Structure formats: C-alpha cells, structure tokens
Amino acid sequence: MIIEKIGDDMGKILRRTLLSLASIFLIFFSCQSARANVQYIDMKGHWSNNYVQVVTDSNIMNGYTDGTFKPNNNITRAEFYRIINQLAELKKTYTVTFQDVKKSDWFYNEVAKGIKAGYILPTTGNLNPNRDITRQEAMYIIGFMYELAPIPEEIEVFGDKDLLKEETKGYVGALCHYGIVNGYPDGNFKPNDPITRGEISKIINLLFDKLQKPSEKVLMDSEIVFETKDYYD
C-alpha cells in the first residue's frame, strides 16, 4: 500500500510538472509568435520592411506607441547607442560626466554602457545625444565593437574620402569590403550625412549575415581615457 501511494504521488507530481512545462512553452511561443507578427502601419511597401521585421523580432530596435516604425526618420546618437548596446548585449556601466546627460534621461544607462565598452569617450562637456548621428560616426562605432581590421584602401573609390576622419577611414573601408555599407551613385560616401532608421535596420541585418553579433566589450576603468571638453560638439 505504501509503495502504491508513493507511486500515485509521483505520478501526480510528474503530471503537474508536465502541465507546468507545457504552459511555459505555450506562453513562450505565443510571445515569440506575437513579436514575429508585428506589422507597423507605415511599413507596407517600404524597401526596408523585411529588415525592420528582423531587428524588431530580435529586440534590437522597436517601433513607436502609435504603431509606426518611422523608417525614414534620422536616428540620433542616443538611439544608435541603444541599438549597439542591444546588439552586443552590454550590461556594464561607467559614471557619466557629460553635462547634457542626466540620470533622468532615458538614454543615461545607454551612454554609461557605451563609455564602459569604449566606443563613447567621456568628457566634461556635451555629448549632444539628441543630435542626428552621422554615417561615419555610426561606422566608427560598428567597426570598434566588431574589432574590424582596418582596410583604408577600400575608401579610395569615394570622391569625398577626405571628409572621413582618420580614425574612421579603416573601419569604413572594412565595412565596404564586407559588403555591409557602400557609397552613393554619385561616387561619394557622404560621411557627414545622417542615417535613417530603415538604413540602420538594413546594416544590422547585413551584420547578422556576414559577421554575426559582436562580443560584449568591457574596458577596465583604468583604460577609459577622457577626451577634450568639445570633442562631441
């Protein structure tokens, strides 16, 4: 009798466990399915629609509360920092000293993570986080996070190559080499032009395909070097 009771109890425990696991799997796959079916009201027929679906499903980028994605909107520095942090799954932070980044700002921790990773150089001046990020600023951060070997010779094809900063040339060349970015039909790269949410979505997709995800990057506090106060002006 004791053995039978033990057997019944074990059976009940096993059934409850299986039911619990089934519920967890159902919730998980329902959430995944819901994310995969997100349709933004302003994306139908847009050239970047498929790219946007991937970055949304991966939680690298998100839409707005009004159901739009706004693919043609320029992306700000702060918004781009968040994308990179999500892409590399950054967690560690460093004290923020920028005058225009307050703890109450939604991007405060994103900036703190960027400093700790090393792609944001801290200063005691302004970061201008709401300023549109330029094409070369974005390429520098991507190249830095992926630790790409510089290929500066690849930029020789661009008529405006002299507009690229020295620290950016090799990374832009490497990203061109991998087919992740390219120039415009007029033969220029336009390094100081802004970059849109749709364009960033495409770049992230190409990074996934060709280079996968970057590894989490964390600097020792002693490795973090401050730049001049007007560095980001």
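Heavy-atom basis, side chains included; hydrogens, waters and symmetry copies ignored. This structure is a prediction, so every number in the text was calculated from the model and none was measured.
Tyr184 carries Lys190 over the face of its six-membered ring, with the cationic atom under 6.0 Å from the centre and within 45° of the normal.
Comment: Lys217 engages Glu147 in a salt bridge, judged by a side-chain N to carboxylate O separation of less than 4.0 angstrom. Ion pairing between a basic and an acidic side chain is recognised when a charged N comes within 4.0 Å of a carboxylate O; Lys116 and Asp221 show such pairing. The existence of a salt bridge linking Arg135 and Glu199 is excluded, since no basic side-chain nitrogen approaches an acidic carboxylate oxygen closer than 4.0 Å.
By the 30° and 60° cut-offs, the orientation of the rings of Phe189 relative to Phe158 is tilted.
Taking a 6.0 Å sphere around CZ of Phe208, one finds it holds more than 12 heavy atoms contributed by other residues, nucleotides or ligands. The neighbour count for Glu156 CD, taken as heavy atoms of other residues, nucleotides or ligands under 6.0 Å away, is above 12.
Contact annotation: the side chain of Ile195 approaches that of Ile133 to within less than 4.5 Å [non-hydrogen atoms, C-beta and beyond]. Side chains of Asp160 and Pro191 form a contact here, defined as non-hydrogen atoms less than 4.5 Å apart. Counting heavy atoms from C-beta on, the side chains of Val111 and Asp105 never come closer than 4.5 Å.
Taken together through direct or relayed side-chain contacts under 4.5 Å among Ile, Leu, Val, Met, Phe, Trp and Tyr, Met220 and Ile115 form parts of separate hydrophobic clusters. Put simply, Met43 and Tyr64 are part of two different groups of oily side chains (I, L, V, M, F, W, Y) that touch within less than 4.5 Å, one to the next. Note: the hydrophobic cluster containing Met139 does not contain Ile151 (ILVMFWY, side chain heavy atoms under 4.5 Å, direct or indirect links).
Counting all heavy atoms, side chain and backbone alike, Leu175 lies closest to Ile142 at CD2-CG2, 4.0 Å.
Partner of Glu137 under the side-chain hydrogen bond (donor to acceptor under 3.5 Å, both in side chains) criterion, out of Arg77, Lys165, Arg131: Arg77 alone.
Looking only at atom types and distance, the side chain of Lys70 has a donor-acceptor partner in the side chain of Thr68 under 3.5 Å away.
Legend: residues meeting ring pair (Phe, Tyr, Trp, His ring centres under 6.0 Å) with Phe144, ordered by chain and number and at least two apart, are absent.
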| said: If you apply the rule side-chain hydrogen bond (donor to acceptor under 3.5 Å, both in side chains), what do you find for Asn85 with Tyr119, and how did you get there? | reply: CA-CA 11 Å; Asn85 295 345; Tyr119 70 78; 2.7 Å; yes

